[in-house]
Amino acid sequence: MPDSEFHPEFLSALREARHIAVLTGAGVSAESGVPTFRDALTGLWSKYDPMQLATPEAFARDPDTISRWYDERRLNVLKCKPNPAHLALAQWQQMLTEQGRTFTLITQNVDRLHQAAGSTSVIEIHGSLLEWRCQVTQRVFEYRGGAFPHYPMRSEAGGLLRPNVVWFGEALPEDAARAAEHAAGFCDVFISIGTSALVYPAAGYLHMAKASGAITAEINRDPTPATETVDYSMLGRAGGIMPALVVACAAAQGSR
Ligand code: BJW
């Protein structure tokens with residue numbers, strides 16, 4: 001996407017902004033080979049509905065199947081590398097921080113690819129696939145090894161190990177939720193990237209930002225329920241648009 005295709009008033013808002021907040025979703029990792037949440041079920045898993053699997057009730061009913069699903073996804077994520085969208089976001093954070101501005105990255109993604117790209121202080125509101133939590137002690141283990149030897153796994157305390165992600169009906173981690181809400185209410189520009197904007201409370205952050213007076217934008221392959229609400233909508237691949245946006249911002253800043 002050439003710079004000239006970004007709305008000049010959007011670039012001007014980014015140039016003036018002191019605080020920028022970005023919310024990312026599965027679309028940002030799609031070009032790394034991580035299936036999006038709603039596309040995640042292929043092959044043997046195609047008979048399942050992801051909305052039914054990502055619940056505490058499903059794990060209680062069938063911990064074997066749910067552990068297997070998450071372990072397969074964990075093994076896939078470990079093979080994936082950050083793509084140009086992740087790298088551009090990390091570069092943008094560094095650039096803005098050096099200019100004394102704040103950049104807050106809130107992610108719904110559970111793959112840790114933002115961190116692998118070099119982003120720091122990432123707010124993970126839906127947890128991480130690389131971590132598992134003992135249901136008895138609540139102790140969290142990061143596990144980057146090969147497939148688990150059997151399913152479900154138990155901790156040394158005897159508790160079932162569950163993925164340390166946030167399932168439907170569960171509360172978001174308190175610190176992450178507080179930090180995300182603060183960033184949404186405090187920013188001058190809020191950008192939602194690669195998310196279907198269907199899952200709350202994440203989808204509400206954009207509305208919070210707008211209500212607090214921020215300029216809002218969306219970058220997504222397909223239209224979403226937020227498309228009509230945002231000030232600027234850019235339809236396309238995050239891996240194409242994000243690097244071009246960061247270049248355009250650097251150029252606009254340099255010409256001040
Ligand atoms: C590209 C692209 C490319 C592709 N470039 N783009 C208010 C209203 C209605 C309902 C609720 C509400 N508040 C709460 C609810 C209930 C529920 C909810 O939102 N339900 C809706 C489905 C209706 N929310 C919850 O239950 C939340 N908890 C909660 O509110 O708790 C309250 C509570 C308080 C106190 C005590 C107890 C409870 C929790 C939500 C947790 C969501 N967890 C998941 C699973 C994580 C683990 C896992 O991965 O398995 O998080 S669900 C799933 O959705 C995952 C994702 O992070 C999340 C968002 O999905 P995302 O990222 O948007 O992905 P997709 O696949 O949907 O979309 C990808 C997009 O990318 C598409 O649009 C493509 O076009 C695009 N794309 N390629 C750019 N290259």
Side-chain angles (χ1 to χ4, degrees), residues 19-30 32 34-40 50-51 53-56 58-59 66 70 73-74 77 80 82 85-86 89-90 92-93 102-133 138 140-142 162-187 189-212 214 216-220 224-226 229-230 238 242:
H19 307 287
I20 295 175
V22 168
L23 169 72
T24 62
V28 167
S29 293
S32 291
V34 181
T36 64
F37 183 72
R38 276 154 192 82
D39 289 344
M51 301 281 292
L53 292 187
T55 65
F59 186 70
I66 304 302
Y70 278 95
R73 290 173 57 200
R74 181 185 68 84
V77 155
C80 294
H86 296 109
L89 283 163
W92 204 19
Q93 177 178 36
T102 66
F103 176 87
T104 308
L105 181 55
I106 307 162
T107 191
Q108 299 170 87
N109 296 345
V110 291
D111 54 37
R112 294 256 158 104
L113 288 176
H114 283 305
Q115 291 89 334
S119 289
T120 56
S121 308
V122 181
I123 302 174
E124 288 180 325
I125 56 171
H126 291 165
S128 169
L129 263 183
L130 304 181
E131 293 178 347
W132 293 68
R133 185 170 86 229
Q138 304 306 323
V140 173
F141 304 82
E142 191 183 83
R162 59 158 284 179
N164 195 27
V165 298
V166 181
W167 282 325
F168 286 114
E170 293 185 324
L172 270 51
E174 235 175 81
D175 289 355
R178 197 178 308 113
E181 280 171 26
H182 174 77
F186 191 66
C187 64
V189 178
F190 186 97
I191 311 176
S192 174
I193 311 175
T195 171
S196 56
L198 291 171
V199 175
Y200 282 79
Y205 298 149
L206 186 138
H207 303 286
M208 253 181 227
K210 196 172 179 68
S212 303
T216 55
E218 177 183 61
I219 296 170
N220 207 56
T224 76
T229 311
V230 291
M242 273 319 297

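Note that this is a predicted model, so its numbers are computed, not measured. Hydrogens, waters and symmetry mates are skipped; everything else that's a heavy atom, side chains included, is used. Numbers here are sequence positions counted from 1.
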- Query: Hey, are the side chains of E131 and F141 touching, using non-hydrogen atoms and a 4.5 Å cut-off?
  - Reply: no
- Message: Between H126 and V199, is there a side-chain heavy-atom distance shorter than 4.5 Å?
- Response: yes
- May I ask you to test the H114-T24 pair for a side-chain heavy-atom distance under 4.5 Å? yes
- Message: If you define the side chain from C-beta out and look only at heavy atoms, does anything of R74 sit under 4.5 Å from L130?
- Response: yes
- Message: For I193 and V22: C-alpha separation, side-chain torsions, deciding distance, then whether side chain to side chain contact (heavy atoms under 4.5 Å, CB included) applies.
- Response: CA-CA 7 Å; I193 311 175; V22 168; 3.6 Å; yes
- Query: Would a distance-only check, ignoring hydrogens and angles, find a side-chain to backbone donor-acceptor pair under 3.5 Å from Q115 to V122?
  - Reply: no
- Message: Measuring only between side-chain heavy atoms, which start at C-beta, is C80 closer than 4.5 Å to D111?
- Response: no
- Message: I'd like to check V28 versus M242 (side-chain heavy atoms, cut-off strictly below 4.5 Å). Are they in contact?
- Response: no
- Look only at the side chain of S29 and the backbone of S32, and say whether a donor-acceptor pair between them is shorter than 3.5 Å. no
- T104 versus F186: any side-chain heavy-atom pair under 4.5 Å? no
- Closest heavy-atom pair, A180 versus I125, reported as atoms and distance to 0.1 Å, is CB-CG2, 4.1 Å
- Determine the minimum heavy-atom distance between S196 and R38, stating which atoms define it. OG-NH1, 4.0 Å
- Query: In terms of ring plane angle, is the pair Y200 and H207 parallel, tilted or perpendicular, where the classes change at 30° and 60°?
  - Reply: parallel
- Message: Tell me if a side-chain donor or acceptor on T107 pairs with a main-chain N or O of N109 at a distance below 3.5 Å.
- Response: yes
- Provide the closest heavy-atom pair for A58 versus L53 in the form atom of the first, atom of the second, distance. CB-O, 3.7 Å
- Message: Can you give me the closest heavy-atom contact between C187 and A209, atom names plus distance?
- Response: SG-CB, 4.1 Å
- Message: I'd like to check W167 versus I66 (side-chain heavy atoms, cut-off strictly below 4.5 Å). Are they in contact?
- Response: yes
